[in-house]
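Per chain, numbering begins at 1; letters A, B, ... match sequence-line order.
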Amino acid sequence: MTAQNTDMPVVDAPRINIAEVAEKYALVAALVVLFGIFAMLLPNTFFTWANVSTMLGSQSVLVFLTLALIIPLTSGDFDLSVAATLTISAMTLAVLNARLGVALPLAMLGAFAVGGIVGVLNAFFILYFRIPSLIVTLGIGTFLNGLTLWMSNSATIGGIDFALVMGVVGTRLFGIPLAFYYAILMAAVIWYVFGYTSVGRRLLFVGRGREVARLSGIQVDRVRFFSLLSSSLIAALAGILYAGTIGAADPNSGNTFLLPAFAAAFLGATAITPGRFNPVGSVVAVYFIVIGITGLTMLGIQSFVQNLFYGGALVLAVALSQLVRKREEQQVG
Amino acid sequence: MYEHDIDDFPPMPVSLAHAKGPGKRPEFTQVRSGQGLTDTPVNRETDMTQTTSFIVKSLSLGTALALVTMTAQAAEPDLATAQSIVDEHSALPTFTPPGKPFDAASCMAGKKILSIPTSSSIPFVAGIQEGMVEAAEEIGFEVRPWQNQGQPTQWVQGIEYAIANGYDAVDLMGGIDPNALAPQIAAAKDAGLKVFASHHRDVTDIKEEPGVDVSLPLSFSRVGEIIASWIVTKTGGDANVLVIGSDDVPPSQPYWKSFEAKLAELCPDCKATYYNVPVSDWATKIQTTTQSALLQDPSINYLFPIYDSMSQFMLPAKAMTGRMDLPIASFNGTPFILDMIQNGDVEMDVGESLGWIARSSLDAYMRDICEVGDTPDELYVPFYIFDASNAETAGTPAELDKGYGDAHVAGFRTLWGLE
C-alpha cells in the first residue's frame, strides 16, 4: 500500500497564478485569522507573549512527530509506529536514567538507538517480505506498546535528570523554550533535504511511482529503507523531547499523538507546496491546530469541541484545497 | 519456598523449629493470583541420618497435624465482620467535619484556582469539576476548569497558563501524577502558586511529591475491603472471584492488594484471581480475558472489575460462556452502571459522591491557602453501597451525584461560615 503524492500537473504559464498563490498560503492566512479572532476575544489571556511562547514550546513534540511522518509519506510508505516509537524512546530514557542510574547522555543515546532498531525492523519486514507498510508498522507499533508497558510495569516513571528538562523547556531563548528551536531546526533540515538535495528528489520520485523510479536507476529499496529509518529516528528524538518536556515518561499518553500528527501532515500538504508533504506546511498545520485548541480551551469550551475542530479543520482544509484544484482525484492511501 | 538441609539449622527449641525466621518456616508454595490464596505443604527430600530423619518425620507429622488444625480453624469465614463492614457502608452518608470551622468567604475573596483534570472527557472528572465551580461561586472565588483531552502537553499548557494569568493555585485532579509534571510544578512554585493534587493515588501508596502543597489521596484500599466483605457476605464464605484491574492506573495495585488481603482475612478458603488489562485495551481484552478465565475455571462465582466501567465488557463474556448467573461487584458509582443494577446486570457498586469530593477537595485547599492549619492528608469522602434495594434513589435513568443525600452541602456550608 502506498501513500502516493498528490501533485498537480506542472503549470506551464510563468505568470503568477492567483489561485495557486491562494492555495499555497490559505492555511497561513487561516492561521493568522484564527489567531486574530482569539486575540480579540481574549485580549488579556490569549494575546499575551506568555501564551504564545507556551503554545510554541509545548507542542514541539507534535511538530517533531509530524516531521517524522512526512518522510515515509513522501516516499510512499505509512509509518503507524511513530507514536509508539516516541513512547518507547521516552520510556527507555526514563528507565535507563531514572531507574538504572545511567548517565543522561548515554540514556539519550539508548533511546535514540531504540528508534534506529525500530526503523530497521520496519524496513526489514516491509522490504524483505514485501508486506505493505501499513500492516508492518501497525504490528510493530502495537508490539512496541506491549514492550513499553512491560518495561515500565505499566507505571509512569519520573525523576529524569533535570538537565534534560533544562535543555528542552527549562531554558528559554527570546522567551520561548528551546524545544521550539529544535523543532524549527529539524523542519529546516528536512526542508533543505526535500527541496535542495538529490536525496529529496529521489524520495519524491519513489513516492510518485516506484516502478518508474526503479527503471530510472533509483535504488528504490535503499531510499525506502532510509526513509523508514529516518522516520523512526526522528520519532525517537521526539520521545526524548517529550521526556524532557514533562520530566517523566508514561506508557500510554505518547500514543495519543498519532492521529494529530497524521492530521497535521495531511493538513500541511495543502499548504506552501500544495499536494506534497512538506515540513513548512506541517509546522504551519501543527500551530494552526494548536492555536484553535488553545483558544477554545481558554474560552472554557467543552473538550468535545476540540475534536470537532481537529476533524473539521482537516476535512474542510483538504476540501477547499480540492476546490481550488477543480476536484482532481486524490489518491492518498 | 525454602529448601534447607536439617544441618543448616542452628540448634533451637523443638517447639520453635517450625515457626521462626527464614529457613525455619515449614515449606509452603505461596500460590498467588491465578491459583488461589491457600498455603499448601509440599514434599521435600532431605539427606540426613536415621536419627535426624526420625526427628524430622515426627516434626513433620506434628507440623502437618498443627496445620490441619490451623486450617480447620482459619477456614471458618468471618461473616459477622464482613456483614458489619457492609452495613457500615450501606447507610446513607452522614457529615463529619474534617476540621475546625473557618471563614472561607473573607479569606478566599478574589482568589483564583485553575483545576486541571486528567481528561475533561471523563464524566466522573467533569462532574467533580462542576461541583467545585459551583461551591467556589457560593463562597465567592473562582475555580476555572482547564478543558483537555488527557494529553500531558495540555496539562503543561494549563500550568503555564495559570502562572501567566495570576492564578493563586493549580489543582491537578482525577489521576494526574504530580511527579510526571515536575518541571512545571517547580516553575509554579517559583512563581508563588500553590500546587494541589487530589484523587490520584491510594492512601497506602506513600510517595514523595515535591512542590505539592496539599495532596489528597483516596482510600481505594478501603474500597477493596468493602467489596471483599460484600463478596464474602453474599457467598457465605465460598467465593472464587475473578478480578480485572488496570495496572496503568496507579491505585490499581494497592486497591487489589487490599481486596486480596481482606478476602484472605475474612475467608481463608476463598480464592481470587487477578488479570491486568490496560485501559486502552478495555474494549478489546476484557471480554476475551473474562471468557478465557471462566472457561479455564468454571468454579468462579463472582466477577469484580475494579472500575465499574469495565463491567459493560464483562456482560457479553457472561452470555458467551452461559454464565449469566455470575454477579458483578464494582466501584465508582458511574450512572450507567447504577442503571445496570436496576436492570439486574450488576449486583452492587460502591459509589462516591462527586459533590462531596468537590467540596472536600476545596475545603482542604482553602485550609491551606487561608492557613487555617488542619489541612487533611486524605480525601474525605464516604463510600456508599448501591444495590438493587437503593439503586433507584440515584434516579431512573441514574444521574451523576444523585442518591448520596445532601448532608455534605449543609455540612460544608456551616464549616465555611456561610450559614
Side-chain angles (χ1 to χ4, degrees), chain A residues 44-46 48-51 53-55 57-62 94 98 145-146 149 152-160 162 164-166 168-170 177 242 244-257 260 290 293-294 296-307 310, chain B residues 116-122 125-126 129 133 144-166 175-187 191 200-201 205 207-210 245-250 252-253 276-281 284:
Chain A
N44 299 323
T45 50
F46 186 87
T48 57
W49 181 240
N51 177 46
S53 67
T54 301
M55 283 197 294
S58 64
Q59 297 300 331
S60 314
V61 177
L62 184 56
N145 286 339
L149 284 168
S152 61
N153 213 6
S154 302
T156 299
I157 299 180
I160 295 173
F162 215 71
L164 182 67
V165 175
M166 291 308 291
V168 175
V169 291
Y242 192 40
T245 304
I246 59 175
D250 82 285
N252 291 315
S253 68
N255 296 324
T256 58
F257 285 112
V290 169
I293 302 286
T294 307
L296 291 171
T297 304
M298 286 189 177
L299 283 174
I301 308 270
Q302 294 259 325
S303 67
F304 72 87
V305 181
Q306 299 183 6
N307 279 347
Y310 257 114
Chain B
I116 305 175
T118 183
S119 168
S120 308
S121 55
I122 304 171
V125 168
Q129 283 202 315
V133 171
R144 168 80 189 275
W146 183 255
Q147 300 284 344
N148 74 81
Q149 297 184 315
Q151 284 184 352
T153 50
Q154 293 178 311
W155 306 338
V156 169
Q157 265 191 309
I159 298 179
E160 292 184 359
Y161 174 81
I163 295 172
N165 289 285
I176 300 176
D177 178 0
N179 291 331
L181 290 171
Q184 288 72 32
I185 289 178
H200 58 303
R201 61 178 164 88
D205 181 19
K207 55 166 84 167
E208 286 287 310
E209 290 172 342
S246 295
D247 287 351
D248 52 337
V249 182
S252 298
Q253 269 298 317
N276 170 33
V277 179
V279 176
S280 53
D281 291 337
T284 52

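- Ranked by heavy-atom pairs under 4.5 Å with chain B, the first of Gly158(A), Ala155(A), Ser154(A), Ala248(A) is Ser154(A).
- Within the model, atoms CG of Asp250(A) and CG of Asn179(B) stand 13.0 Å from one another, a figure rounded to the nearest 0.5 Å.
- Summarising the geometry, atom CG belonging to Asp248(B) is positioned 11.0 Å from atom OG belonging to Ser253(A); distances are rounded to the nearest 0.5 Å.
- Within the model, atoms CD1 of Ile246(A) and CH2 of Trp155(B) stand 7.5 Å from one another, a figure rounded to the nearest 0.5 Å.
- Neither the backbone nor the side chain of Phe46(A) comes within contact range of chain B, judged by heavy atoms closer than 4.5 Å.
- For Met298(A), the parts lying near chain B are the backbone and the side chain together; criterion is any non-hydrogen pair under 4.5 Å.
- There is no contact between Asp281(B) and chain A, counting heavy-atom distances below 4.5 Å.
- Taking both residues in full, the closest heavy atoms of Val169(A) and Gln184(B) are given as CG2-NE2, 4.3 Å, listed atom of the first, atom of the second, then distance.
- Counting heavy atoms from C-beta outward, Leu296(A) and Gln147(B) have side chains that stay 4.5 Å or more apart.
- Contact annotation for Pro250(B): neither backbone nor side-chain heavy atoms come within less than 4.5 Å of a heavy atom of chain A.
- The most heavy-atom pairs under 4.5 Å with chain A, out of Ala164(B), Ala180(B), Ser120(B), come from Ala180(B).
- The side-chain contact (heavy atoms from CB on, under 4.5 Å) with Gln157(B) is formed by just one residue from the set Thr297(A), Ile293(A), Thr54(A); it is Thr54(A).
- In terms of heavy-atom pairs under 4.5 Å with chain B, the best-connected choice from Asn51(A), Asn255(A), Ile301(A) is Ile301(A).
- Atom OG1 of residue Thr153(B) and atom CG of residue Leu62(A) lie 7.5 Å apart, to the nearest 0.5 angstrom.
- Counting heavy-atom pairs closer than 4.5 Å to chain A, the top residue among Ser252(B), Ser119(B), Pro278(B), Pro183(B) is Pro183(B).
- Residue Asn145(A): no heavy atom, backbone or side chain, is found under 4.5 Å from chain B.
- Heavy-atom distances place no part of Thr48(A) under 4.5 Å from chain B, backbone and side chain included.
- Taken from OG1 in Thr294(A) to CG in Asn148(B), the straight-line distance is 11.5 Å, to the nearest 0.5 Å.
- Residues passing the side chain to side chain donor-acceptor pair (under 3.5 Å) test with Glu209(B), sequence neighbours excluded: His200(B), Arg201(B), Ser215(B).
- Looking at Leu164(A), neither its backbone nor its side chain comes within 4.5 Å of chain B, counting heavy atoms on both sides.
- Proximity to chain B (any heavy atom under 4.5 Å) is shown, for Val305(A), by neither the backbone nor the side chain.
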